Amino acid sequence: MDEGPGDEVGNQGECLEVARGHGTVPVPVRDSKAVDGPAVVFSSDGWSSFVTALKGGRLSA
């Protein structure tokens, strides 16, 4: 994920970094504290569904 700064989501040190500018191609997401670590890659639809479920309180830790 070397596309430049992404958006960080989270609090209390539990953050994800989402690379910007991917449009309809896969969306890479990684732990913001492990910049050299692996990324999880979502389809645009999958990422949108995940965020919607998260905002709707349908996911738990």
Side-chain angles (χ1 to χ4, degrees):
M1 288 183 24
D2 57 343
E3 292 84 5
D7 294 324
E8 288 193 16
V9 181
N11 59 19
Q12 299 175 354
E14 306 278 333
C15 298
L16 296 175
E17 184 175 40
V18 181
R20 294 187 208 170
H22 285 275
T24 59
V25 298
V27 179
V29 179
R30 69 176 176 200
D31 181 338
S32 64
K33 296 182 302 281
V35 296
D36 293 325
V40 176
V41 180
F42 291 86
S43 67
S44 293
D45 289 341
W47 179 250
S48 179
S49 294
F50 172 75
V51 170
T52 299
L54 189 63
K55 287 181 177 181
R58 293 188 302 270
L59 300 176
S60 60

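What you are looking at is a predicted structure, and each value in this text was computed from that prediction instead of being measured.
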Quiz: residues 48-59 side-chain donor-acceptor pairs under 3.5 angstrom, not counting sequence neighbours:
residue	atom	partner	partner atom	Å
Ser49	OG	Asp45	O	3.1
Thr52	OG1	Ser48	O	2.9

query: Partners of Val40 by side-chain contact (heavy atoms from CB on, under 4.5 Å), sequence neighbours excluded?
result: Phe42

task: Test side-chain contact (heavy atoms from CB on, under 4.5 Å) on Ser44 and Val27 and set out the steps.
output: CA-CA 6 Å; Ser44 293; Val27 179; 4.2 Å; yes

